[in-house]
Every structure is written in C-alpha cells, then in structure tokens.
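Accompanying notes for the structure given below.
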Number of protein chains: 2
Amino acid sequence: MSTAAEAPPPAELPPTAWAVLGLLSFERELSGYDLKKWADNSLRFFYWSPAASQIYAELKRLERLGFVTSRIAAQDDLRNKRLFAITPAGLVAIRGWVQHAPVEPPMLKHGVALRAWLGHLADPARLREMVAEHRDNSAALAEEASNAAASAAITKGWEYPALVSRWSQRYFEAEQRLAAEMLNDLDELAATLGDARRRR
Amino acid sequence: MSTAAEAPPPAELPPTAWAVLGLLSFERELSGYDLKKWADNSLRFFYWSPAASQIYAELKRLERLGFVTSRIAAQDDLRNKRLFAITPAGLVAIRGWVQHAPVEPPMLKHGVALRAWLGHLADPARLREMVAEHRDNSAALAEEASNAAASAAITKGWEYPALVSRWSQRYFEAEQRLAAEMLNDLDELAATLGDARRRR
DNA sequence: GTAGAAATAGTTCTATTAGAACTATTCTCG
DNA sequence: CGAGAATAGTTCTAATAGAACTATTTCTAC
C-alpha cells in the first residue's frame, strides 16, 4: 500500500519531453515551429536536436498530462498557429525531473571512430583524410558554440544555457585536439605495419 | 542511363549493419550472441552498443544481401546455434562503405548537460552533485578504455581497435577534466546569482 | 508585374535504434 | 538437490532521426 508520506516520483517521460518542457520554462509562449528553432540554436551542441515530428508528438502528450496548455493565435487573416505555454503543474514536474530523475549515461555515436576501428579495411591515406576532416569540423563547431555562449550570456535568465554553451565549446576544442593526436597515432601505425609488410 | 564505367555506390545500410559486418571481418565465425558480447567489449566506448534485437535483425538482412552466410552448429545434443561468417561479397561491400560512404557527424546525448542547461530549475547543490558524479564516472570509463586498449594491442589484427580504445581513453580523460572545470563555473555562477539575490 | 525560387509554418510517415521482457536450457555453489 | 546466475536466442514496444509533404509568403529576375 502506498502512503501519503512518500514524495511523488517524477513522471516517467523520455528526455525529449523534458527538453521541450524545459524550453517552455524560459519563454511565455512558443509554437511548435519556434520550439524547433530554439532547440536547434540552444540544445544542439551538448544535447541534441529533436526532430520536428518529435516536438509535435511530445507537445501533444504534455498537453494531455496537463503540463502545457495551448491556444490558437491568428497571425493574419489566413493562417493560424498554436501557441504552447507551460502550466504550474508542468513547472512542478520538470523541477522534480531535473533534481530527482536518475541521470542516463552520456552516449556518443561516432562515425569517424567506427571507420577508424575498421581501419584494416581502408586505405591509410583515406582514413587520414577522414580524421583530418573531423578535426576541422570540430574547430568550426567550437566557434559556433562560442558564439552561442556569447549571445546567451547577455540575456537575463539564460546564465545556465550560456554556461553549457561554453562547456560545449571546450568539448569541441578537446575533440579537435584529440583528432590531431589520432592523426599522429595513425601515421605511426601505418609506418609500423608498412615496415612489417616490407620485411616479409 | 547507367554506364559500366561508374564505380558501384556503397550499399545503403544503417551504421549498425556495417558495425556487425565489421565485427565479422575480424573473426572466422560468430553467433548472434557472440557478436553482442564482442560489440559490448569493443564498440561500446567510441561508437555504441547495438541491442541484441538489432544484431539479429541486421544479420537476417546481411544474409539476404549475400554479405554473410550462416550454418547451424550443434553444440550439444539439445541445443543448436547459428554461426555467421562474412562472404567475399560482404568484404567488398564493407571496404566500399568504410572508404566511400559519407561520414555522419558525431552525435552526443548528454543528460548531465541537459540538466545543467535547466539549472534555473534546480537546487545548485544538487546540480553540483550530478556534475561531480559525471566526473567520477568519466574517470572510471577512462580506466576501462585503457584496459580494452591494452588487451587489443597484444592481439594481431586488432591494431586499429587498440588505437580507437586509446582515443576513447583520452576522450574520457578530457570529459573528466571538463566536468571539473564545469564545477568551478557552477560555483562562480551560484555566487553571482546569490549576490544579486541578496542585494535585492 | 509576374513567374518561379526560396523561405516560413506546420504536420505526417517511415526506418532506425534502445531497451525491456520473455523462453528455455545449463552451470554453480551452498 | 534447489536457487539463482549464466548462456542462447527471440520478440515487442517505445523513442528517435530524418525525409517528405502541404500550403502560404516573400524575394528576385526577367
């Protein structure tokens, strides 16, 4: 039997639902389309970019749970849009999740690493090329994250997002450095394997 | 009209299919169960751990495409198992993929970062606790990756996987360092926000 | 000034992926 | 010998990514 003394467990929802609700905790009202844009600009780096389809599906569910409300707003004589806002119940729920839900381990999907792991199937020069490209992409992302951090820092209430953007920036800088080291390792290995082949 | 001069494009398959096929390019024959274990030990860090259900589904598809063959092997009088092996066509296909398929950008899902991004909804002490836990987990993973690198390094033909394990190790070390820096930033922000609140 | 391209807004469909659950046999150790 | 962990294999469901699709609107070139 359950007793009233137990703290209510945080509602069971996928991380995407909480990310969407979290976005709404910064703003008064947003449409699904706005949400997608905000997500792409803010969550992109350290977490991820939920697909538009996911955002719409989660909004539907959050509304059913009473965590958001929506209203139709006429923007001109022909088109309408649906604007969503977080409810007090939604605010309680997300606070509970941030503080009490078990934290899922970070997960990385790294296509370059997968290909390097299959290096015995590739031309060493081609492999080098892929890792070098990855290094340059990381540099570009570090730059973008730095800009995001700067623009978040000047907006009141966005101090934590700014912090996370800086975290991302450093993360991409590390990725860049690691790729450079990988290139050295790759060259060394190619030399060793090349020697062995020549000696045969 | 297609001409015979064009190089055949690499078969369109999800990364998981190539990872499974790649695993088979190291070994003679493996069962679905073996594959799952190998994947958990080798791909886990830098790429990911495909679910057992995915491995079985991909094996079915790879067999339909002629990239693997299977045979039933009796292990005792009651149980049988199906052993899979890569075919010459499979070897050609995966070489093509490793070298010529466009590389998907790395993607990260970071629950700790998501919660830090929603820091305005949490108790600063609880947030600190989560980041500190993440730092310690990263240290443990660095250790595991280091062990994986050492055991791969002594096996002939596993030079590239050993390289990737070392890459992972450094990656987790960087993650550990970044988490430590994040703790400082968090403390600074808490001080600033606390000051502002007190001044009011 | 108008045809066509690109951008904005919103939604739906499909395939991939993760993870839990489930069956069934065998090994282990108290 | 009995409980429970390990091995082997499969299936189901939910989450997720990404492409496609409809429909307006604004921009740009002729």
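So that the names make sense, note that chain A is the first sequence line, chain B the second, and so on, each numbered from 1. Scope of the values below: all heavy atoms of this structure, side chains included, with no hydrogens, waters or symmetry mates.
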B:S42 and A:W117: which non-hydrogen atoms are nearest, and at how many Å? OG-CZ2, 3.5 Å

Can you name the residues that form a salt bridge (charged side-chain N to carboxylate O under 4.0 Å, His left out) with B:E133, not counting sequence neighbours? none

Suppose clustering is done on Ile, Leu, Val, Met, Phe, Trp and Tyr with side-chain heavy atoms closer than 4.5 Å. Which residues sit in the same group as A:Y33? A:Y56

Please list every donor-acceptor pair under 3.5 Å in which a side-chain atom of residues 146-155 of chain A meets a protein atom from a residue at least two apart or in another chain.
{"from": "A:S151", "atom 1": "OG", "to": "A:A148", "atom 2": "O", "distance (Å)": "3.2"}
{"from": "A:T155", "atom 1": "OG1", "to": "A:S151", "atom 2": "O", "distance (Å)": "3.3"}

In degrees, rounded to 10°, what is the bend between the two ends of the helix from C:dG1-D:dC30 to C:dG30-D:dC1, using five pairs at each? 30°

Restricting to salt bridge (charged side-chain N to carboxylate O under 4.0 Å, His left out), what partner residues turn up for B:K36, sequence neighbours left out? B:D40

DNA chain D-proximal residues of residues 53-61 of chain B, any heavy atom under 4.0 Å: B:S53, B:Y56

List the residues meeting ring pair (Phe, Tyr, Trp, His ring centres under 6.0 Å) with B:H110, not counting sequence neighbours, and say none if there are none. A:F46, A:W167, B:H134

Atom CG of A:L114 and atom P of C:dT16 are separated, to the nearest Å, by 16 Å

So which pairs with a foot in residues 138-163 of chain A pass salt bridge (charged side-chain N to carboxylate O under 4.0 Å, His left out), sequence neighbours left out? A:R44-A:E144

In whole angstrom, what separates B:M107's CE from D:dG18's P? 7 Å

Under 4.0 Å between a Lys/Arg side-chain N and an Asp/Glu carboxylate O for B:E104 and A:R115? yes

I need the residues from residues 25-40 of chain B with at least one non-hydrogen atom less than 4.0 Å from DNA chain D; give them sorted by number, or say none. B:S31, B:Y33, B:K37

Which atom pairs, one a donor and one an acceptor, fall under 3.5 Å between side chains of residues 21-29 of chain B and the rest of the protein, sequence neighbours left out?
{"from": "B:S25", "atom 1": "OG", "to": "A:H120", "atom 2": "NE2", "distance (Å)": "3.0"}
{"from": "B:S25", "atom 1": "OG", "to": "B:G22", "atom 2": "O", "distance (Å)": "2.6"}
{"from": "B:E29", "atom 1": "OE1", "to": "B:R71", "atom 2": "NH2", "distance (Å)": "3.1"}
{"from": "B:E29", "atom 1": "OE2", "to": "B:R71", "atom 2": "NE", "distance (Å)": "2.5"}

Partners meeting side chain to side chain donor-acceptor pair (under 3.5 Å) with A:Q169 (sequence neighbours left out): A:E173

Whole angstrom is fine here: how far is it from CD in B:E12 over to C1' in D:dG18? 13 Å

Contacts of A:S53 that satisfy side chain to side chain donor-acceptor pair (under 3.5 Å) - sequence neighbours left out: none

Quickly work out the B:L83 CG to D:dA8 C1' distance and round it to whole Å. 12 Å

Mind calculating the distance between CZ (A:R82) and P (C:dT11) to the nearest angstrom? 7 Å

A:I72 CD1 - C:dT11 C1' separation (whole Å): 13 Å

NZ of A:K109 versus C1' of D:dG18: gap in Å, rounded? 12 Å

